Protein chains: 2
Amino acid sequence: MIQLENIRKTYKMGEIEVHALDGISLVISQGEALAIVGPSGSGKSTLMNIIGCLDTPTSGNYILNGREVSRLSKNELAEARNTQIGFIFQSYNLLPRQTALENVELPLIYRGLPGKIRREYAVAALEMVGLTGRLHHRPTELSGGQQQRVAIARALVGDSPVILADEPTGNLDSASGREVMNVLTKLHSQGKTLVLITHDPNVAKLCERQVRIIDGRLETGGAN
Amino acid sequence: MIQLENIRKTYKMGEIEVHALDGISLVISQGEALAIVGPSGSGKSTLMNIIGCLDTPTSGNYILNGREVSRLSKNELAEARNTQIGFIFQSYNLLPRQTALENVELPLIYRGLPGKIRREYAVAALEMVGLTGRLHHRPTELSGGQQQRVAIARALVGDSPVILADEPTGNLDSASGREVMNVLTKLHSQGKTLVLITHDPNVAKLCERQVRIIDGRLETGGAN
Ligand SMILES: Nc1ncnc2c1ncn2[C@@H]1O[C@H](COP(=O)(O)OP(=O)(O)OP(=O)(O)O)[C@@H](O)[C@H]1O
Ligand SMILES: Nc1ncnc2c1ncn2[C@@H]1O[C@H](COP(=O)(O)OP(=O)(O)OP(=O)(O)O)[C@@H](O)[C@H]1O
Ligand SMILES: [Mg+2]
Ligand SMILES: [Mg+2]
């Protein structure tokens with residue numbers, strides 16, 4: 001259960017204040033599939049980074065599974081990120097000197113799984129996104145859409161209950177995009193919570209609920 | 001005029017050979033708008049990098065405006081890249097420590113334009129893509145779609161006769177995407193050559209001609 005209350009995120013740039021998030025309140029229930037849409041620059045990734053415990057709000061409350069995130073210790077936060085949340089980043093954030101396989105194994109290293117098991121799970125995750133032939137390529141030896149799919153495999157390998165996907169199909173042709181959405185919707189049907197930022201209306205409509213962000217605020221005129 | 005004859009690009013990875021381009025022949029006339037489509041990993045960006053003189057083929061000929069590119073000197077190649085071709089990269093390639101404005105001014109520095117004129121042109125290019133309010137933000141202070149639009153502005157500021165656009169709308173909502181395509185189609189109607197890689201069928205159909213790449217080859221069964 002994800003509960004955001006009056007979340008603000010403000011950046012100071014000299015004299016100017018950028019209100020990236022301007023008072024967002026939102027509840028996401030366990031097992032829900034929510035699409036977040038809105039114009040470029042409206043605050044979607046900023047909101048996702050707060051939900052994923054990678055960024056802190058300037059003000060407001062974030063209650064994750066009953067606990068106020070701002071009061072968690074560094075270790076508890078890291079624990080939440082590693083075991084509770086699988087994050088697909090808009091710009092992938094792959095380690096440039098590691099292969100696709102090594103990048104996908106990374107979340108399992110944090111959990112202390114032995115090498116043989118890690119490799120097995122990572123190979124399976126890369127197979128789910130059609131990258132069986134690219135296991136030992138580094139990011140610079142992969143196409144844009146292949147890098148995106150490595151980022152997706154890495155977010156899924158840990159079997160986390162919550163999946164946060166920031167534009168997961170932006171660099172994929174429609175066939176690869178459909179394959180990825182089949183994987184995500186199948187995981188959702190198994191009970192995972194899916195929060196999905198997308199600019200593609202065909203992807204958004206696969207979610208049971210949609211919210212729109214404009215200028216850092218949720219658009220009203222629809223149940224949020 | 002862009003003339004590619006039997007272009008191959010092969011990567012050696014230990015024992016394995018990856019045939020990223022497997023014999024591509026293609027002519028693109030001055031003033032044409034060509035869309036390049038095809039699955040993720042099929043070779044589109046690799047082809048674009050060769051057309052943009054950023055990469056060399058393993059074999060085959062590339063004749064640009066009547067001159068064989070492999071016989072050009074380093075200086076002549078740099079000249080071609082800076083004055084003939086505006087390139088919008090799939091992963092933007094922005095300088096991380098420079099602001100949006102400084103990134104867009106960069107092609108004009110190579111041409112020796114004075115600071116005041118450079119700034120004027122760069123501001124105008126950023127205005128064309130709706131970024132007037134973000135001139136002094138660095139890439140990490142911009143959203144994904146805003147970074148993409150800085151990359152677009154930088155490719156257009158030099159008024160080059162050829163525009164190469166690799167997935168220019170992948171991270172943009174439909175409204176911003178339409179604005180960008182309006183800019184590109186207007187430049188094409190003024191006589192520029194436009195080569196556009198896209199996964200979006202709505203974007204592809206704005207071009208007068210389409211080719212499809214599959215496994216490093218042009219699909220036949222249509223005039224290429
Ligand atoms: N570090 C920062 N400093 C100043 N402004 C910032 C910073 N990071 C983001 N912003 C601004 O906050 C706003 C929201 O950014 P965000 O990345 O959340 O947008 P978005 O909705 O994900 O956009 P897109 O669809 O283009 O990815 C943008 O206008 C951006 O310029
Ligand atoms: N340096 C490299 N070493 C080995 N293989 C490479 C290298 N660079 C690219 N490749 C491979 O070449 C193929 C073509 O890559 P390319 O980037 O041209 O694809 P693309 O059509 O642009 O894909 P996308 O739509 O995902 O961007 C891919 O299968 C990729 O894995
Ligand atoms: Mg974003
Ligand atoms: Mg590509």
Side-chain angles (χ1 to χ4, degrees), chain A residues 11-14 16 18 20 37-49 89-92 94 99 129-131 133-149 166-167 169-177 179-180 197-202 204 212-214 216, chain B residues 11-16 18 20 37-46 48-49 89-92 94 99 129-131 133-149 166-167 169-177 179-180 197-202 204 212-214 216:
Chain A
Y11 295 106
K12 281 208 172 56
M13 305 197 64
I16 302 177
V18 176
V37 301
S40 171
S42 56
K44 307 179 295 299
S45 296
T46 304
L47 180 64
M48 201 76 127
N49 288 336
F89 295 95
Q90 187 169 12
S91 51
Y92 321 150
L94 301 180
T99 64
V129 293
L131 287 181
R134 290 288 182 269
L135 301 180
H136 307 295
H137 287 233
R138 290 179 176 73
T140 47
E141 299 166 332
L142 292 169
S143 78
Q146 290 167 345
Q147 292 172 32
Q148 185 158 37
R149 285 183 276 157
D166 194 346
E167 306 278 357
T169 62
N171 271 301
L172 300 180
D173 57 285
S174 29
S176 310
E179 272 174 53
V180 163
I197 294 172
T198 184
H199 286 308
D200 187 337
N202 292 327
R212 177 176 303 271
I213 297 186
I214 298 194
Chain B
Y11 295 106
K12 282 212 170 57
M13 305 197 63
E15 295 288 318
I16 301 177
V18 176
V37 301
S40 170
S42 57
K44 306 178 297 297
S45 296
T46 304
M48 201 76 126
N49 287 337
F89 296 95
Q90 187 170 10
S91 50
Y92 321 151
L94 301 180
T99 64
V129 294
L131 287 180
R134 290 288 182 271
L135 301 180
H136 308 295
H137 287 231
R138 291 180 174 74
T140 47
E141 298 167 331
L142 293 169
S143 78
Q146 289 167 345
Q147 293 174 29
Q148 184 158 39
R149 285 183 276 155
D166 194 345
E167 306 278 358
T169 61
N171 272 300
L172 300 178
D173 57 284
S174 28
S176 310
E179 272 173 55
V180 162
I197 294 171
T198 184
H199 286 309
D200 187 339
N202 293 328
R212 178 176 302 272
I213 297 185
I214 299 194

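Basis for what follows: all heavy atoms, side chains included, without hydrogens, waters or symmetry-related copies. In this text the structure is predicted, and so the values were computed from the model without any measurement. Throughout, protein chains are lettered first and strands after them, A, B, ... in sequence-line order, and every chain is numbered starting at 1.
Residue contact with chain A, scored on non-hydrogen atoms closer than 4.5 Å, involves the side chain of B/Ser176 exclusively. Only the side chain of A/Ser143 comes within contact range of chain B, with heavy atoms under 4.5 Å apart. In this structure, the portion of B/Val18 lying under 4.5 Å from any heavy atom of chain A is its side chain and not its backbone. Neither the backbone nor the side chain of B/Gln147 comes within less than 4.5 Å of any heavy atom in chain A.
B/Ile214 and B/Pro39 make their closest contact through CG1-CD, 4.2 Å (heavy atoms, listed as atom of the first residue, atom of the second, distance).
The greatest number of non-hydrogen atom pairs below 4.5 Å with chain B, out of A/Arg134, A/His137, A/Gln146, is found for A/His137. Highest contact tally toward chain B, considering only A/Met13, A/Gln148, A/Glu167, is held by A/Met13 [criterion: heavy-atom pairs under 4.5 Å].
Using a distance-only test at 3.5 Å, with no hydrogens or angles considered, no donor-acceptor pair links the side chain of B/Lys44 to the main chain of B/Ile213. Judged by distance alone, the side chain of A/Asp173 and the main-chain N or O of B/Ser40 form a donor-acceptor pair under 3.5 Å.
The ring-ring contact (aromatic ring centres under 6.0 Å, His included) check on A/Tyr92 picks up nothing, with sequence neighbours excluded. Applying the side-chain hydrogen bond (donor to acceptor under 3.5 Å, both in side chains) test to A/Glu179 and every residue at least two apart in sequence or in another chain returns nothing.
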